[in-house]
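One structure is given here, and the rest of the page talks about it.
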Amino acid sequence: MPNIISTKQFKKSEVEKLLALSALMEKACLLESKKGGKKNKIKACLEDKIIACIFFEPSTRTRLSFETAALKLGAKVISAENAGISSSAYKGETIEDTTRMLCSYADAVVMRHPRAGTAEAAAKVATKPIINAGDGANQHPSQGLLDLYTIKKKHKRLDNLTITFVGDLLNSRTLHSLVPLLNMYKNNKFNFISPKELKLDSAFTNDLKNKKIKFVESENLDEVLGSTDALYMTRVQKERFARAKDYEKVKDSFILKVQHLKKMKKDAIIMHPLPRVNEIEIGVDADPRAAYFRQAENGLWVRMALLCYALGI
Ligand code: NCD
């Protein structure tokens with residue numbers, strides 16, 4: 001069954017197919033939204049299907065874009081937000097039992113949970129495809145793919161790029177999903193900029209070393225701005241800190257300001273999975289390189305493609 005648990009599960013050929021299908025979805029939706037535009041057949045793709053969305057962590061973009069994607073493809077949606085208190089999980093039901101139930105109602109289950117490994121645990125008992133919409137600090141595959149789609153749309157290639165990640169790298173599931181995808185392509189280099197408390201886990205960097213991937217870890221953003229093709233800002237993940245004072249100490253470590261922009265390449269792209277808290281000054285939004293809202297929009301096409309993939313359509 002085509003569960004979508006981690007970006008590491010994909011072969012490069014599958015990723016390429018998903019990117020192409022996402023582009024097709026974008027084109028079809030844009031054509032349809034034009035006044036007098038021809039009605040196309042996307043509404044028939046998931047006709048009669050039901051998609052369950054169950055979120056144990058807050059979400060704006062991921063949940064609502066998955067639901068929109070399902071509706072645009074003609075499916076119906078059942079949804080539980082705040083599932084930690086609104087579902088029977090609150091009474092102590094296990095994720096396995098909840099999953100069994102959802103699979104008896106819906107044709108696919110989109111799930112977000114604060115605990116790493118939950119989507120995989122759900123997939124073990126599921127009789128329908130499970131789509132991981134974020135499991136703790138581990139993985140967020142649909143975000144990784146929409147990030148890849150965004151980079152490709154801008155640079156028209158996915159190789160020979162320098163990508164700079166900034167902020168809470170330790171807890172960023174979006175980074176954990178995007179880097180393995182970028183590693184499918186040749187000659188990409190990474191700068192990992194973070195306070196030392198939020199550096200990438202050594203297991204992650206050791207894996208990069210073993211694969212002979214070029215990367216630099218540092219606390220100096222200014223130094224790498226001029227060579228960066230994609231600047232990927234991240235939010236410090238407050239919800240992953242055990243003590244408020246540890247969060248307070250690092251929360252504003254890196255803020256992208258208007259004054260930084262002049263150091264950046266003309267054709268660079270500024271990304272952020274959103275929500276933004278303090279990491280990017282509002283003034284940056286007016287710069288044409290600021291791509292984060294376009295990036296979030298791309299999520300719709302990619303999630304349409306992923307729903308089709310999971311349902312074998
Ligand atoms: C991200 C997430 O949930 O991991 N948000 C998202 O899905 N676009 C990033 C974040 O919450 O900081």
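Bear in mind the structure is a predicted one, so any value in this text is a computation, not a measurement. Atoms within each ligand, like the ligands themselves, are counted from 1 in listed order.
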Quick one: nearest non-hydrogen protein atom to [atom], plus distance?
atom                    : answer
atom 11 (O) of ligand 1 : R235 NH2, 2.9 Å
atom 3 (O) of ligand 1  : R173 NH2, 2.8 Å
atom 8 (N) of ligand 1  : P273 O, 2.9 Å
atom 7 (O) of ligand 1  : H140 NE2, 2.8 Å

When only distance counts, is T62 in polar contact with ligand 1, meaning an N/O pair under 3.5 Å? yes
Using the ring of each side chain (for Trp, its six-membered ring), is F165 parallel, tilted or perpendicular to Y232, with breaks at 30° and 60°? tilted
H272 and Y292 aromatic ring geometry - parallel, tilted or perpendicular at 30°/60° bounds: perpendicular
For the rings on F241 and Y247, is their centre-to-centre separation under 6.0 Å? yes
Taking 4.0 angstrom as the limit and counting only heavy atoms of [X], give me the atoms of ligand 1 inside it, by number and element.
X    : result
Q237 : 10 (C), 12 (O)
R112 : 3 (O), 7 (O)
P275 : 10 (C), 11 (O)
T174 : 1 (C), 4 (O)

When you measure from the centre of the six-membered ring of F55, is the NZ or CZ of R112 under 6.0 Å away and within 45° of the axis? no
Which of these passes salt bridge (Lys or Arg N to Asp or Glu O under 4.0 Å) with D229: K152, K265, K156? K265
Using a heavy-atom cut-off of under 4.0 Å, does the side chain or the backbone of L274 touch ligand 1, or both, or neither? backbone
Have a look at ligand 1 and work out which part of E57, if any, has a heavy atom under 4.0 Å from it: side chain, backbone, both or neither. neither
Would you say G299 contacts ligand 1, with heavy atoms under 4.0 Å as the rule? no
Kindly indicate whether the side chain of L221, heavy atoms from C-beta on, has any atom under 4.5 Å from the side chain of L231. yes
Would you mind reporting whether D147 and Q295 have side-chain heavy atoms less than 4.5 Å apart? yes
Heavy-atom pair with the smallest gap, counting every atom of Y309 and P2: O-CG, 3.6 Å
